[in-house]
Amino acid sequence: QDSSTTPIAEAKAFLDEKGVKYKEYNGTTVDEVGLAVDSLIADGVDAVFTPTDNTVMKDVIYAYTLRLIDDEGNTVSDYYANVRHYRNGVKLNGNISYNGTYGFKDGYQLKGLNRISGLLRYYNSEGRMYRDTIQNTSSGYYYIDKDGICIESKEIRLAAEYMAKYCEGDTLQEKMKSGFLYMAKNYPYVRVYNDTPSDEDDVPPFAIELFEYKAGTCYRYAAAFACIAKIAGYRSRFCFGYAGNLVHGWTEVYVDGRWLNCDPDAQLPSYGFPDYYPYMTVSHVWYVNKIWYSELSFDDGEAVWGRKTYY
């Protein structure tokens with residue numbers, strides 16, 4: 001209601017009936033209303049009522065909450081958990097950006113996993129949407145991309161769980177580096193015959209098998225580490241070719257304008273290379289001949305392995 005004359009009059013009548021004293025300040029702009037509230041607080045009042053359904057406060061989001069305070073000023077009860085939020089007199093729905101992104105449905109803040117317009121998102125206990133992080137939810141681990149979308153493909157979920165459980169570091173990039181060495185030293189090579197990949201469709205199962213069985217071949221290391229590198233924020237791709245006369249698979253990561261080699265298979269203890277010797281190298285530690293590659297990307301909550309591209 002413009003100018004909020006009716007709710008103000010009703011509030012005054014209620015306070016007069018109860019014998020409660022009050023002070024009144026007026027403002028005609030958002031800044032003036034803010035200063036009025038500050039003045040009331042400075043005057044030591046016990047509660048502040050700010051009508052926000054008028055044109056002065058248009059587009060400002062408010063949640064009306066209650067607190068119970070004892071005679072000494074100690075909080076007896078905090079705000080109610082389920083507070084309905086409005087903007088311009090309309091219950092909030094969808095994502096709202098204000099010092100972060102918050103999700104709403106029918107005026108209530110979203111918490112935990114919620115599917116909005118077909119895309120899965122995660123909101124913390126304060127209703128803030130998470131971005132670019134790994135989160136353990138009630139439904140298991142997810143990587144949440146920079147747009148706040150949970151990537152639901154199985155190989156990415158397993159990679160997120162691997163990074164959360166076994167990789168050290170404060171950032172996803174640090175976890176990626178830690179995960180490179182952990183994979184090589186804890187996931188042994190197990191030969192599998194007649195499993196040479198023919199195209200991009202063969203790559204996701206390789207990654208899934210590596211994470212599930214904790215062992216694998218060069219193809220499985222390469223596919224799994226491409227997932228890890230992508231979560232860490234890099235462009236990454238699965239590469240197939242030859243190392244000498246043997247078929248081989250490895251990962252490439254795009255850094256500072258060039259593709260670098262990352263090969264967990266070459267880091268296996270049996271080869272005797274120093275730690276991280278085959279990690280982020282311009283030249284592969286072996287002579288390799290790349291035949292084709294498949295680059296990994298994310299699109300609307302799914303992992304997309306690019307069409308096989310011949311080198």
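One is the number of the first residue; the rest follow in order along the sequence. Every value quoted in this text rests on a predicted model; they were computed, and no experiment measured them. The figures here come from the full heavy-atom set of this structure, side chains too, leaving out hydrogens, waters and symmetry mates.
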Without swapping roles, check the side chain of [X] against the backbone of [Y] for a donor-acceptor pair under 3.5 Å.
X    : Y    : result
N261 : Y279 : no
Y141 : M163 : no
N186 : Y182 : yes
S153 : I156 : no
Q267 : L181 : no

Other ILVMFWY residues reachable from L119 by side-chain steps of under 4.5 Å: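 Same cluster as L119: I149.
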
Output field: ring centroids [X]/[Y] closer than 6.0 Å:
X    : Y    : result
W292 : F240 : yes
Y219 : W250 : no
Y162 : Y187 : yes

By salt bridge (charged side-chain N to carboxylate O under 4.0 Å, His left out) - contacts of R235 (at least two apart):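 Partners of R235 under the salt bridge (charged side-chain N to carboxylate O under 4.0 Å, His left out) test: E295.
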
Identified side-chain hydrogen bond (donor to acceptor under 3.5 Å, both in side chains) partner of S198 from the options T196, D202, D201: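 Per the side-chain hydrogen bond (donor to acceptor under 3.5 Å, both in side chains) rule, the option paired with S198 is D202, out of T196, D202, D201.
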
From R157, E161, Q135, residue fulfilling side-chain hydrogen bond (donor to acceptor under 3.5 Å, both in side chains) relative to Y142: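 That would be R157.
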
Could you grab the distance from atom [atom1] of [X] to atom [atom2] of [Y], nearest 0.5 Å is fine?
X    : Y    : atom1 : atom2 : value
D300 : E152 : CG    : CD    : 10.5 Å
M280 : E252 : CE    : CD    : 12.0 Å
R131 : I144 : CZ    : CD1   : 10.5 Å
C150 : I134 : SG    : CD1   : 12.0 Å
T251 : L260 : OG1   : CG    : 12.0 Å
L172 : D132 : CG    : CG    : 5.5 Å

So is [X] actually on top of [Y]'s ring, under 6.0 Å and inside 45° of the axis?
X    : Y    : value
K111 : Y123 : no
K230 : F298 : yes
K308 : Y293 : no

Min side-chain heavy-atom separation W259-V253 under 4.5 Å: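 No. Closest side-chain heavy atoms not under 4.5 Å.
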
Restricting to non-hydrogen atoms, name the atom on [X] and the atom on [Y] that form the minimum distance, rounded to 0.1 Å.
X    : Y    : value
D265 : C218 : OD2-CB, 3.6 Å
L296 : C227 : CD2-CA, 3.8 Å
S236 : A226 : OG-O, 2.8 Å
G216 : R220 : CA-CD, 3.7 Å
P197 : F206 : CB-CE1, 3.6 Å
E200 : G306 : CB-O, 3.2 Å

Residues, nucleotides or ligands: over 12 heavy atoms within 6.0 Å of R191 CZ: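 Atom CZ in R191 is not packed in, count stays at 12 or less.
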
Y277 atom OH, over 12 foreign heavy atoms within 6.0 Å: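 No, because the 6.0 Å sphere around OH of Y277 holds 12 heavy atoms or fewer from other groups.
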
Test item: side-chain donor near acceptor, D38 and Y25, under 3.5 Å: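 Short answer, no.
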
H248 versus D263, side-chain donor and acceptor atoms under 3.5 Å: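 Checked: D263/H248 side chains pair up, N/O donor to acceptor below 3.5 Å.
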
